[in-house]
Amino acid sequence: MTDFGGALKKLSEYPDYTLAIIGVPFDEKSSFLRGAADGPAAIRRVSTGKCYNPDTELGIDLAEETVLVDLGDVDTSGDMLKTFAEVEKKVAEVVRKKAIPIILGGDHSITYPAVRAVASHHQNLDLLHLDAHPDMYEDLYGDRLSHACPMARILEEGLVKNLIQVGIRSMTPEQKALAKNYGVRTIEAREFPEKLSLEFRNPLYISLDLDVFDPAFAPGVSHHEPGGLTSRQVLDLIHNLKATIVGFDIVELNPMRDVSDMTAALAFKLLKEIAGKAIRP
Ligand code: MN
Ligand code: MN
């Protein structure tokens, strides 16, 4: 366990935290390769204060200006339905305290229970989804809870008011039709503008699948989908957001595919920058 660039506080000393990390070492819903279960440990390992400071690019000192704690990992030892229930419970615990949950995956299936928990607290919730894939399959190989399906479940249950998907480059005609039906706004990677400034009127949850990046920037993911975004494009998008962020996840880090921990380091950088935006919009 590390110190997140020196920003981490002890939960025992700061029970009234503002930001809480929750690890979900779970990859049973991965359709191709396992390994994302080791994601939370890899992010914790690289994020040492010996290598990084707690300051964001926009000048926010996460050690001084907020209280960040690590609640550890969700218990994933039971079957997957129990794991999903544990994710929902843990995230709900954080939002009830009016704090901001930071969920580290794990495969993308865990976003569904996480958003359920946040949506039960924020009746009007918007969702920004960064991903190479729309994750809106009705089912994948008969599995409706696959990591390829969380957005379909979220839309079906009406958990969010507005969904914007960014960086997509693998739409099927069925998913295109579904997006149209539900009024989902899609900004595909091929049409990513020079400057993207997104505004959300409702409280915002961000779900960031690391395969939104081009594999050149983030090789440590299970599905390499070329033609993706650069680190700079996504960081700028986050910095330019006009929104009140009430929770976020960073998912699909697969350390077995990573090179020199560079994807884990990118995940930590994103954690810092999104956290900074959350405490000072
Ligand atoms: Mn993806
Ligand atoms: Mn995904």
Enquirer: With a 6.0 Å cut-off on the ring centroids, do H108 and H223 count as close?
Expert: no
Enquirer: Does atom CZ of R34 have more than 12 heavy-atom neighbours from other groups under 6.0 Å away?
Expert: yes
Enquirer: Using the rule given for side-chain contact (heavy atoms from CB on, under 4.5 Å), can you reason through V94 versus I100, listing the C-alpha separation, both sets of side-chain angles and the distance that settles it, and then say yes or no?
Expert: CA-CA 7 Å; V94 174; I100 296 162; 5.9 Å; no
Enquirer: Judged by atom type as modelled, is there a donor-acceptor pair below 3.5 Å linking the side chain of D211 to the main-chain atoms of V221?
Expert: no
Enquirer: A side-chain contact here means heavy atoms from C-beta on lying under 4.5 Å apart; do V69 and K10 qualify?
Expert: no
Enquirer: So, D126 side chain and F200 main chain: donor-acceptor pair closer than 3.5 Å or not?
Expert: no
Enquirer: At what distance, to the nearest 0.5 angstrom, does CG of L229 lie from CG of L130?
Expert: 7.5 Å
Enquirer: Using a 3.5 Å distance criterion without hydrogens, assess whether the side chain of Q165 forms a donor-acceptor pair with backbone atoms of P134.
Expert: yes
Enquirer: Assess the residue pair E174 and Y137 against the criterion (side-chain hydrogen bond (donor to acceptor under 3.5 Å, both in side chains)); give the C-alpha distance rounded to whole Å, side-chain angles, the decisive distance to 0.1 Å, and a yes or no.
Expert: CA-CA 8 Å; E174 293 78 19; Y137 281 105; over 6 Å; no
Enquirer: Taking the side chain as every heavy atom from C-beta outward, state whether P40 and V24 have any pair of such atoms under 4.5 Å apart.
Expert: no
Enquirer: Donor-acceptor pair, distance only, cut-off 3.5 Å: does the side chain of D258 make one with the backbone of T263?
Expert: yes
Enquirer: Could you please spell out the steps behind the side-chain contact (heavy atoms from CB on, under 4.5 Å) verdict for E157 and Y112?
Expert: CA-CA 10 Å; E157 272 186 39; Y112 171 43; 2.2 Å; yes
Enquirer: Any carboxylate oxygen within less than 4.0 angstrom of a Lys/Arg side-chain nitrogen, looking at E138 and R153?
Expert: yes
Enquirer: Could you go step by step and tell me if S207 and T111 meet the side-chain hydrogen bond (donor to acceptor under 3.5 Å, both in side chains) rule?
Expert: CA-CA 7 Å; S207 185; T111 295; 3.2 Å; yes
Enquirer: Measuring from T230:OG1 to F217:CZ, what's the distance to the nearest 0.5 Å?
Expert: 5.0 Å
Enquirer: R144 and E156: which non-hydrogen atoms are nearest, and at how many Å?
Expert: NH2-OE1, 3.0 Å
Enquirer: Whether the side chain of S30 engages the backbone of F32 through a donor-acceptor N/O pair (distance < 3.5 Å, no angle test) should be reported.
Expert: no
Enquirer: If Ile, Leu, Val, Met, Phe, Trp and Tyr residues are connected whenever their side-chain heavy atoms lie under 4.5 Å apart, and connections chain through other members, are L210 and V251 in the same group?
Expert: no
Enquirer: Would you say I168 ends up clustered with V184 if hydrophobic residues are merged whenever their side chains have heavy atoms under 4.5 Å apart, either directly or through other cluster members?
Expert: no
Enquirer: Okay, side chain of S47, backbone of I43: is any donor-acceptor separation there less than 3.5 Å?
Expert: yes
Enquirer: Please confirm whether the backbone N or O of Y17 pairs with a side-chain atom of K97, one donor and one acceptor, at under 3.5 Å?
Expert: no
Enquirer: S109 versus L145: any side-chain heavy-atom pair under 4.5 Å?
Expert: no
Enquirer: If two hydrophobic side chains count as joined below 4.5 Å and joins carry through other members, does I110 share a cluster with I102?
Expert: no
Enquirer: Indicate the atoms forming the closest heavy-atom contact of V212 with L208, along with that distance.
Expert: CG1-CD2, 4.4 Å
Enquirer: Is E65 salt-bridged to R280, going by a charged N under 4.0 Å from an acidic O?
Expert: yes
Enquirer: As a quick check of understanding, evaluate side-chain hydrogen bond (donor to acceptor under 3.5 Å, both in side chains) for D131 and H129, giving each step before the final call.
Expert: CA-CA 6 Å; D131 203 321; H129 171 213; 2.9 Å; yes
Enquirer: Please report the shortest heavy-atom distance between G78 and T83, naming the atom on each side.
Expert: O-OG1, 4.1 Å
Enquirer: Are any non-hydrogen side-chain atoms of F26 and M80 less than 4.5 angstrom apart?
Expert: yes
Enquirer: Hey, does the side chain of S260 reach the backbone of M262 with a donor-acceptor pair shorter than 3.5 angstrom?
Expert: no
Enquirer: For the pair K195 and D236, find out whether any cationic side-chain nitrogen is under 4.0 Å from an anionic carboxylate oxygen.
Expert: no
Enquirer: Decide yes or no for C51 and V46: does some side-chain heavy atom of the first lie under 4.5 Å from some side-chain heavy atom of the second?
Expert: no
Enquirer: If hydrophobic clusters are built by linking Ile, Leu, Val, Met, Phe, Trp and Tyr wherever their side-chain heavy atoms come under 4.5 Å apart, do L125 and L198 end up in the same one?
Expert: no
Enquirer: Would you indicate whether the side-chain heavy atoms of H147 and D135 approach each other to under 4.5 Å?
Expert: no
Enquirer: Return yes when atom NZ of K82 has more than 12 non-hydrogen atoms of other residues, nucleotides or ligands closer than 6.0 Å, and no otherwise.
Expert: yes
Enquirer: Can you check whether F268 and Y52 have ring centres sitting under 6.0 Å from each other?
Expert: yes
Enquirer: Could you report the tightest heavy-atom contact between L128 and L204, atom names first, then the distance?
Expert: N-CD1, 3.6 Å
Enquirer: Do K272 side-chain atoms and N53 backbone N/O form a donor-acceptor pair below 3.5 Å?
Expert: yes
Enquirer: Can you tell me how far the CD atom of E199 sits from the CG atom of N162, to the nearest 0.5 Å?
Expert: 11.5 Å
Enquirer: Under a 4.5 Å cut-off applied to non-hydrogen side-chain atoms, are I206 and I274 in contact?
Expert: yes
Enquirer: Are the side chains of K269 and L235 in contact, using a 4.5 Å heavy-atom criterion?
Expert: yes
Enquirer: Between CG of D38 and CG of N254, what distance do you get to the nearest 0.5 Å?
Expert: 7.5 Å
Enquirer: Assess the residue pair D70 and F4 against the criterion (side-chain contact (heavy atoms from CB on, under 4.5 Å)); give the C-alpha distance rounded to whole Å, side-chain angles, the decisive distance to 0.1 Å, and a yes or no.
Expert: CA-CA 9 Å; D70 188 346; F4 291 94; 3.6 Å; yes
Enquirer: Any carboxylate oxygen within less than 4.0 angstrom of a Lys/Arg side-chain nitrogen, looking at E225 and R169?
Expert: no
Enquirer: What's the verdict on salt bridge (Lys or Arg N to Asp or Glu O under 4.0 Å) for E191 and R185, showing C-alpha distance, side-chain angles and the deciding distance?
Expert: CA-CA 13 Å; E191 58 191 7; R185 182 177 167 203; over 6 Å; no
Enquirer: Does the T172 side chain pair with the main chain of Q175, one donor and one acceptor, at a distance under 3.5 Å?
Expert: yes
Enquirer: With a 4.5 Å cut-off on side-chain heavy-atom distances among I, L, V, M, F, W and Y, is there a chain of contacts connecting V67 to L8?
Expert: no
Enquirer: Of all heavy-atom pairs between K9 and T66, which one has the smallest distance, and what is that distance?
Expert: NZ-O, 3.9 Å
Enquirer: Nearest 0.5 Å, what's the OG1-CZ distance between T244 and R201?
Expert: 13.0 Å
Enquirer: If you measure from NZ on K277 to CZ on F248, what distance do you get to the nearest 0.5 Å?
Expert: 13.0 Å
Enquirer: Between I60 and G276, what is the shortest heavy-atom contact and its length?
Expert: CD1-O, 3.4 Å
Enquirer: Checking L163 against L155 for the side-chain contact (heavy atoms from CB on, under 4.5 Å) test, could you report, in this order, the C-alpha distance in whole Å, the side-chain angles of both residues, the deciding distance, and whether it holds?
Expert: CA-CA 8 Å; L163 169 58; L155 290 169; 3.9 Å; yes
